[in-house]
Amino acid sequence: MKNKKKYFLIILSILLIFLYLSLNKKNNHNYKTDLIQNRDNLLSFSRDNLDSKIKNNTNELEINNSSYEFSKEKIAIIKMIKNLKDKYTYINFEKEFKDSFFSMYYSGNQRKIVNIIQEILLDKENAIKIAGDNQAYARVFAIKALKELAIIGNQEPLIDTINKITRNFDEKKLINKGEEADIYDLVSSFISIQNSEELEKNLGFYLTNIGFKGSLKNKELKDIFDQSVFFSLKSKFGREKTTAIMSKYFSDT
């Protein structure tokens with residue numbers, strides 16, 4: 001009797017253990033299934049969320065680009081500035097620059113091109129956006145471009161730029177070397193393309209046209225005008241005649 005009871009307890013224990021293992025396996029399976037499902041849901045949400053962020057960032061990028069217009073004219077000018085930096089010392093640089101500039105000018109929005117050129121000389125922040133670390137080459141490009149336009153008869157952008165810079169510099173206490181070079185080269189570019197006889201007869205008219213007046217307060221600015229005009233006229237008339245022409249407009253020349 002005792003043996004039967006003992007065997008019954010053993011069999012019952014085995015059945016209970018088997019039942020426990022079966023239930024645990026099922027629960028474990030359900031847990032793993034739920035975990036996998038949750039992971040898939042999470043990955044799906046992450047992918048959707050990522051796609052949404054990419055879309056939003058793309059839209060934001062488009063908005064930012066539209067707020068600072070990166071037009072084909074601006075891109076073309078950036079390329080020309082880089083080309084100028086790379087080829088400035090080449091023998092045929094002047095001809096290549098002229099050909100490249102007018103090819104761009106006549107194929108683009110001419111008013112926009114002129115505005116970008118003037119920005120380089122008049123607006124430092126925009127000059128940085130356009131040229132970055134190549135601002136010195138950008139200024140050389142801008143001055144050369146304005147001179148080329150003036151040579152073909154469109155002097156207004158060059159005159160307008162000199163007048164604006166003159167007004168800006170007249171209010172400054174100190175003109176740095178880069179600014180000094182800009183105004184010197186701009187004034188020289190303007191004087192050099194004028195008719196010699198007309199300059200000799202009425203230099204005052206041309207000086208007034210580019211903003212040089214007796215009312216200028218900045219002596220340093222007056223000195224820059226003096227030197228630029230003198231050496232530009234000297235190449236046309238020689239030192240003695242230039243001194244005589246300028247004596248009416250500049251003291252101690």
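Since we're looking at a predicted model, the values are computed, not measured.
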[X] atom [atom1]: more than 12 heavy-atom contacts under 6.0 Å:
| X | atom1 | answer |
| --- | --- | --- |
| Tyr184 | OH | yes |
| Lys236 | NZ | yes |
| Asp133 | CG | no |
| Lys222 | NZ | yes |

Q: Report the C-alpha separation of Asn209 and Gln155 in whole Å, then their side-chain angles, then the decisive distance to 0.1 Å, and conclude whether the side-chain contact (heavy atoms from CB on, under 4.5 Å) test is met.
A: CA-CA 11 Å; Asn209 227 10; Gln155 295 192 34; over 6 Å; no
Testing the basics here: between [X] and [Y], what is the closest heavy-atom pair and its distance to 0.1 Å?
| X | Y | result |
| --- | --- | --- |
| Gly108 | Lys72 | CA-CE, 4.4 Å |
| Asn195 | Glu198 | OD1-N, 3.0 Å |
| Met104 | Ala76 | SD-CB, 3.5 Å |
| Ile210 | Val187 | CD1-CG1, 4.2 Å |
| Ile193 | Ala150 | CD1-CB, 3.2 Å |

Can you confirm whether [X] sits close enough to [Y] that some side-chain heavy atom of one is under 4.5 Å from a side-chain heavy atom of the other?
| X | Y | result |
| --- | --- | --- |
| Asn83 | Glu96 | yes |
| Asp160 | Lys164 | yes |
| Ile77 | Ile120 | yes |
| Thr243 | Phe230 | yes |
| Leu84 | Met80 | no |
| Ile175 | Leu221 | yes |
| Gln135 | Arg139 | yes |
| Pro157 | Ile117 | no |

Backbone of [Y] reached by a side-chain donor or acceptor of [X] within 3.5 Å:
| X | Y | answer |
| --- | --- | --- |
| Asn218 | Phe169 | yes |
| Asp170 | Lys217 | yes |
| Gln194 | Leu199 | no |
| Ser103 | Asp99 | no |

Flag yes if [X] and [Y] sit in one hydrophobic cluster, no otherwise; membership is Ile, Leu, Val, Met, Phe, Trp, Tyr, and two members link when side-chain heavy atoms are under 4.5 Å apart.
| X | Y | answer |
| --- | --- | --- |
| Leu216 | Phe205 | yes |
| Val229 | Ile159 | yes |
| Phe93 | Leu146 | yes |
| Leu122 | Leu149 | yes |
| Tyr137 | Ile130 | yes |

Q. Stepwise, does the side-chain contact (heavy atoms from CB on, under 4.5 Å) test hold for Ser189 with Ile143?
A. CA-CA 8 Å; Ser189 296; Ile143 293 168; 3.8 Å; yes
**Q.** Check: Ser228/Ser188 side-chain N/O donor and acceptor closer than 3.5 Å
**A.** no
If you measure from [atom1] on [X] to [atom2] on [Y], what distance do you get to the nearest 0.5 Å?
| X | Y | atom1 | atom2 | result |
| --- | --- | --- | --- | --- |
| Leu186 | Phe225 | CG | CZ | 9.0 Å |
| Glu200 | Thr242 | CD | OG1 | 9.5 Å |
| Ile191 | Leu203 | CD1 | CG | 6.0 Å |
| Thr166 | Ile224 | OG1 | CD1 | 9.5 Å |
| Phe212 | Asn163 | CZ | CG | 13.0 Å |
| Met246 | Leu207 | CE | CG | 7.5 Å |

Q: Begin with the C-alpha distance, continue with both residues' side-chain angles, and end with the deciding distance and a verdict on side-chain contact (heavy atoms from CB on, under 4.5 Å) for Val114 and Gln110.
A: CA-CA 6 Å; Val114 169; Gln110 295 176 12; 5.7 Å; no
Q: For Lys172, enumerate each residue passing the salt bridge (charged side-chain N to carboxylate O under 4.0 Å, His left out) test, keeping only those at least two apart in sequence or located in another chain.
A: Glu179
Q) Cationic tip of Lys144 within the cone over Phe97's six-membered ring, i.e. under 6.0 Å and within 45° of the normal? A)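 Cation-pi check for Lys144 and Phe97: passes.
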Q: Check the pair Lys129 / Lys74 against side-chain contact (heavy atoms from CB on, under 4.5 Å), numbers first and verdict last.
A: CA-CA 10 Å; Lys129 289 179 181 178; Lys74 191 163 290 185; over 6 Å; no
Q: Could you tell me how the ring of Tyr106 sits relative to the ring of Phe102: parallel (under 30°), tilted (30 to 60°) or perpendicular (over 60°)?
A: parallel
Q: Please work out whether the ring planes of Tyr206 and Phe190 are parallel, tilted or perpendicular, with thresholds of 30° and 60°.
A: tilted
